Amino acid sequence: MPDRLEEIGAKILAWYKANRRDLPWRKTKDPYKIWISEIMLQQTRVDTVMGYYHRFLERFPDIAALARAEEDEVLTVWQGLGYYSRARNLHRAAGLMVSQYGGRFPDTYEEVRKLPGVGDYTAAAVLSIAFERPHAAVDGNVLRVVSRLEELEEDITRAVTKRKVSAIVTRMIPKQDAGDFTQAMMEHGALVCIPVQPLCAECPVQCFCAAYASGRQNELPVKKKAGTVKEFHMQVAVVREQGRILLEHRREETLLAGMWGLPLVEAGSRSSEELFYEKYGLKLSHRRNLGSATHVFTHQIWKMEAVFYKLQEESSFSPVLYWAEESKLENYAIPTAFKRVLRLL
Ligand code: SF4
């Protein structure tokens, strides 16, 4: 006789087989493609990922192609998806797979987990979906579904809660179809056991659900409030001459590292001209204000004032600055924050 958790697993799996969305990464068992989709789907909606997934695989169809590419090229294809460290990690991981695993995708949890940008969830998801290994992939959807099914009071942002949920999910995994089960749990969380007003009337495991029985499904899961978002006031220099514009190749230690942006300084008590000179060696004279733009990151907000400057002399400014042809800007990986400013032009 299957126990309660096995029965829940079997019912969610059966529901998935009858109701799953037709998504491109569900038509393959290639771990490379599944890995790319899982990384893209972190923090990004399915509809948005769809176009990027096809473009990315067209340009980098396998591990070797991705490893061979320049980082800048990878960032350019990733442009617009945000959270660029994901793209940099994909590129580094592909390089490692070529140098350490003969260009194949590793198939043990320890090896996959060591790849840059791969956490517990992604390792378990790729191994279960591509290799049918019985690993519990626990993302936000799964934490929510299990918290409600088991009426868990613990904060789901805590590692100890994730471990508890992982142990529960492991007991739900059917003997066959570990890959479909992983997708079933996520699909159920995305379509039925949704964050607000879950569709309990359509739920295949309603009769097992402790939160439904007590009417507490909208109170769960328990989640600690996110930290405060810090606001920064930035001055952005727009320096254009003869069809060229001055771009900064952002350094490793900065936000949006490796991407191309416009020179910017945090507004302070001194004049912006002084700050641009100090940071970049740029001798600028103010021409006119172009307007303002705001960009919201996960933990910070940039309020940007764009100013059109004239370069006083083609002096020896910082080597992180380059003249870029304005007609070829699409060849540069420019994140959305700076595109908002460029749109003011
Ligand atoms: Fe979620 Fe409602 Fe199903 Fe419980 S009954 S698992 S709260 S959808």
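Counting convention: from 1, in listed order, for ligands and their atoms alike. Everything numeric in this text was worked out from a predicted model, so none of it was measured.
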Exercise. Check the angle between the aromatic planes of Phe297 and His295 and answer parallel, tilted or perpendicular using the 30° and 60° thresholds.
Key: perpendicular

Quiz item: NZ of Lys223: more than 12 outside heavy atoms within 6.0 angstrom?
Solution: no

Quiz item: Is any protein N, O or S atom closer than 2.8 Å to atom 1 (Fe) of ligand 1, and if so, which?
Solution: Cys193 SG

Quiz item: Is it true that Met40 and Val118 fall in one hydrophobic cluster, defined by side-chain heavy atoms closer than 4.5 Å?
Solution: yes

Quiz item: Would you say the side-chain atoms of Arg148 pair up with the backbone N or O of Leu220, donor to acceptor, closer than 3.5 Å?
Solution: yes

Quiz prompt | Polar side-chain atom of Arg86 near backbone of Ile39 as donor-acceptor pair, under 3.5 Å | solution = yes

Quiz item: Does Phe105 have its ring centroid less than 6.0 Å away from the ring centroid of Tyr101?
Solution: no

